[in-house]
Amino acid sequence: MALSYRDIKNRAHQFIIDYNDAVKENAESQSFLNDFFTIFDISRRRVASFETPVKPEQQGSTKRIDLFWRGKLLVEMKSTGQNLEKAYQQGIGYFKGLKDKDLPRYVMVCDLNDFRLYDLDDGKDYAFTLAQLPDNLHLFDFMQGNEIADITEYELNEKAAELLGQLHDALENSGYVGHQLQIFMVRVLFILFAEDTGVFNRHQFTRYIMRFTDDSGHDTDMHLAKLFQTLDIHQTQRNQHLTDELNAFPYVNGHLFKERIDLPSFTHEMRDQLLQCCLFNWKDISPAIFGSLFQSIMDRQARRNLGAHYTSETNILKVIEPLFLNQLKDEFNKANALKQEKLRNTRLIELMTKIRTLSFLDPACGCGNFLIITYRELRRLELKIMQAQQKNDEQSHFAIDIDPQISLNNFYGIEIDEWPARIAEVAMWLTQHQMNLEFAKSFGREPDLLPLKEHANIHHANALTTDWAEIVSPQQLDYIIGNPPFVGSKMQSPEQKALQVDIFGKLKNAKQLDFVSNWFYKAAKFIQNTNIDVALVSTNSITMGEQVGTLWQPLLDMGITVHFAHRTFQWHNDAKGKAAVHCVIVGFGQHQRAEKWLFDYPNIRHEAIAIKASSINPYLTDAPDIVLHTRNNAINTSFPMWFGNMPLDGGFLFLTGQERFDLLKQYPELEPWIKPVLGAQEFLNGGERYCLWLADSSVKQRRELMQIAEIKRRIEGVRQMRLSSKAASTQIHAETPWQFRDTRTPDTYILVPRVSSERRPYVPMGFFDSDIIATDATQMIPNAGLYEFGILTSQMHMDWMRTVAGRLKSDYRYSAKLVYNNFPWPEVNQQQRQQIEILAQAVLDARQQEVDKDASTTLADLYDPDLMPPSLRKAHKKLDKAVDLLYQSTSFNSPLERVKHLFVLYQELSEL
């Protein structure tokens, strides 16, 4: 019986070990070629001869071909490092002395390390090293009677996903839908991968479909049904009359082919689409893309954006490395570095035992990417330990089992959609096979994948309504990992809102939390009284703004402590169409860790800086576990911050510059009642806008103003707009339709925009008086002076704001009750105050100098990080340094240091 492809690969791995560098110096070409033929279970003596004499020229001397297989193969061997191109030309030169019927199709040249194989019929040549031989065995299919020319493969890329999707679409359009379609596609994908990686024989499925199904496609379903049934039956239990081609397929087990499903009827085009899928090379596919590739098959939109729907390996490693992997690798390095052999082996065995018992849960596993990479990394560490053991014991008397023993049974997942749940199961098997191949490269033997003996425990269920303890007992679990869905509080469906209420119960403001918060809260409850470590990815919204108080105070009350965290960074994937989302990673547990690490991103698109921390709070800073709550009064300043004036007018009280001009031209007496308006847009980007400001008018004055038709029209418009509102709080203001809802006009004030771009190094602020009406897009600090302006526009305050403020998209949302009222002001003397005032005025002067040069210059221009004038930047830097010194005697080295100092100061002020 012919060898299976897996057996051939095992022999190839052993061949590599036998002909390693140490042996190669003394290796003979004949023994090398004999052993090479043995890989394919072919007796070289029966098919080919050594030192075949031939006369390259009619009158020339007799030459000898190193190996000649008539009509098939000619081999020319050289010593290591010699020119293989010359060797090829030498081999071709022998053709003139051969009969036409004996001319070989293939020429191989080799120097015991590098191979070159030439297919003279197709005009192709292939180059690879001895170490790469197992990945190129298919090139030698001709040695077993299967020419490589009959199947041409494509590279796996987005086009492959598109073709697989076309097969799915054709089946779906034919009426084959739902659960059966999903199961069918999962099985096909498993088979395609299996036949390209040695689980099945090379192209076993492809050849079966090509040879035994009719071109019309009418019998394809019958043959597939018989194949699926065969794959679920052990060889010893199969019908003795089963065809040799079907019986050659291995027993799969693992319930993958157990369920009996109706199969779709195929057309010629559908059969052709299936074969097109078979022509892709699946062996080099990365485990991290399994899920997204497979899922894109079911989602036409995702197919166009392959990569935007999966988590890259880089981002997964950001989760699992600080969670457990770095520690395990460190333990391995320390154990392997021990000088005493007995102690070294003991430590290695202990570590091996440890990693083989670790268990993992991903409660939002999707297609299993986190579980896949976690399993892969543990298998690689296990392999390193076994290699170290082998090196320690040259006689190979291993103190541990030589077979890989990290079990798929230790991996648990919960996924709400059936398709990705099934894909996750299959992807874990495929990853197991890939790791078996890596094992074989070191130990010359590939562990059997089939029949499947274990499987990841992927549950098709809703993680928020499922008791996780029914999936895996907390006492049996070590880690919870994952990337729960990102859904903002305002984007949730009614069903999601209802789930959130069920999770959080009567917790105040729980409805305002992002959907990912449910996984944090449920994980925190699940790990009570255990040593389970958790690491979850989230949008950064749960670590800033009011969500921090709502989510994290209950978690802190449960004893949760943050072990490590990646501060805000830009989430990206290794493919086109990658989504730019600002994310954080939070690792936490109920127990303390000896070391805590912060990963800070000075540039959110670049690499992180690792910072050892003493304590990590919910804002992901090295500071005490403090949660800020909104407060109505500032913690230690006498200057309040007011909300700007909300119009609540339907636009009737506002005028453009042209409308003001036209109105004053006809009614010049209106000028005292029309005032400039500043919202954040006008303040930052320029432009003019005006409003009717009748808040200070008397009854008599309003009666006279109402005689003007345009004024009456606008005031009546406000009245009707407010009366038509469903909100009683709006209707009541219909009684005063001539004025804004708010009428705050302090004599002077500092204006602060409520929203400002994340790109700006400073939130621009400015001074105004009662002649300028500030809208509710801004906030005001009445009667504040240069000292307050200097503190608020300093880097110290900016770092505080960036840490605790909420976001509107990616822009900062400045909140009076959260940012301003909780900000700890420094204690200063008169001299220090005066110094800050001088430096603050210098900032205003630098701004004015630029406006004097060009009156169209806006604050948005001045604070654009790419355009900021050097004089203005210099003025700010001087102010920053002076403010830093108000808080401590030496300058701060980073924003994190400033924020840490402010949190400590806040804690002291809160305890007064």
Side-chain angles (χ1 to χ4, degrees), residues 288 291-292 295-296 299 301-302 305-316 318-320 362-371 413-417 420 424 462-464 480-501 503-504 509-524 534-548 550-552 555 565-575 577-588 601 604-605 618-620 758 806-813:
S292 63
Q295 193 163 14
S296 73
D299 183 343
Q301 183 60 38
N305 200 18
L306 180 62
H309 302 274
Y310 78 96
T311 308
S312 69
E313 291 188 40
T314 299
N315 287 332
I316 294 173
K318 287 178 181 177
V319 173
I320 66 175
D362 184 344
C365 71
C367 294
N369 293 338
F370 277 81
L371 297 176
I414 307 174
E415 170 53 38
I416 194 169
D417 295 323
N462 186 330
L464 298 185
I480 297 175
I481 55 178
N483 178 17
F486 301 162
V487 185
S489 61
K490 295 182 179 179
M491 302 298 292
Q492 294 170 22
S493 66
E495 293 78 11
Q496 290 172 327
K497 283 290 186 187
L499 280 173
Q500 194 148 306
V501 170
I503 294 292
F504 285 96
N509 297 325
K511 288 184 178 180
Q512 307 307 315
L513 293 171
D514 285 0
F515 198 52
V516 69
S517 302
N518 293 284
W519 277 263
F520 278 78
Y521 190 75
K522 193 161 184 176
V534 183
L536 298 175
V537 182
S538 170
T539 48
N540 61 1
S541 55
I542 69 164
T543 63
M544 56 180 57
E546 296 184 15
Q547 291 199 48
V548 175
T550 304
L551 172 63
W552 283 96
L555 267 58
H566 281 263
R567 289 168 54 80
T568 298
F569 65 97
Q570 184 166 294
W571 188 258
H572 62 86
N573 294 301
D574 302 329
K578 53 191 177 186
V581 182
H582 290 177
C583 291
V584 296
I585 298 170
V586 185
F588 62 92
Y601 294 79
I604 62 173
R605 297 172 181 84
Y619 298 93
L620 308 188
E758 65 166 340
R807 298 279 184 120
L808 181 62
K809 296 183 179 178
S810 62
D811 295 335
Y812 296 111
R813 175 183 282 164

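- The structure places CD1 of Ile316 at 8.5 Å from CG of Asn483, a figure rounded to the nearest 0.5 Å.
- Minimum heavy-atom separation, Lys318 to Ile585: CB-CD1, 3.6 Å.
- In this structure, Lys522 contributes its side chain and Ile503 its backbone to no donor-acceptor pair below 3.5 Å.
- Here the closest heavy-atom approach between residue Val537 and residue Pro484 is recorded as O-CD, 3.5 Å.
- Using a 4.5 Å cut-off on side-chain heavy atoms (C-beta onward), Asn462 and Leu499 make contact.
- For the pair Glu546 (side chain) and Gly806 (backbone), a donor-acceptor distance under 3.5 Å is absent.
- Of the possible polar contacts, none joining the Trp519 side chain to the Pro485 backbone as a donor-acceptor pair under 3.5 Å is found.
- Within the 4.5 Å cutoff, the side chain of Phe504 has no heavy atoms near those of the Lys511 side chain.
- Remark: Gln496 engages Val487, Gln492, Ser493, Phe515 in a side-chain contact (heavy atoms from CB on, under 4.5 Å) (not counting sequence neighbours).
- You'll find the side chain of Tyr812 reaches within 4.5 Å of the side chain of Arg807, heavy atoms only.
- Between Phe486 and Ser538, the shortest heavy-atom distance links the atoms CE2-CA, 3.8 Å.
- Of the residues Asp514, Asn540, Thr539, Asn509, the one that meets the side-chain hydrogen bond (donor to acceptor under 3.5 Å, both in side chains) test with Gln547 is Asp514.
- Looking only at side-chain heavy atoms (C-beta outward), Leu536 and Val516 stay at 4.5 Å or farther from each other.
- Contact between His566 and Tyr601 at its shortest, heavy atoms only, is ND1-OH, 2.7 Å.
- Using a 4.5 Å heavy-atom threshold, the side chains of His582 and Ile604 count as touching.
- A heavy-atom distance below 4.5 Å is found between the side chains of Phe588 and Phe520.
- Between Ile480 and Pro363, some side-chain heavy-atom pair lies under the 4.5 Å cut-off.
- Counting only distance, with no hydrogens or angles, the side chain of Glu415 and the backbone of Gly366 share a donor-acceptor pair below 3.5 Å.
- The CG atom of Leu371 sits 5.0 Å away from atom CG of Asp362, with the distance rounded to the nearest 0.5 Å.
- Side chains of Leu555 and Trp552 form a contact here, defined as non-hydrogen atoms less than 4.5 Å apart.
- Of all non-hydrogen atoms in Val548 and Thr543, the two that sit nearest each other are CG2-C, 3.2 Å.
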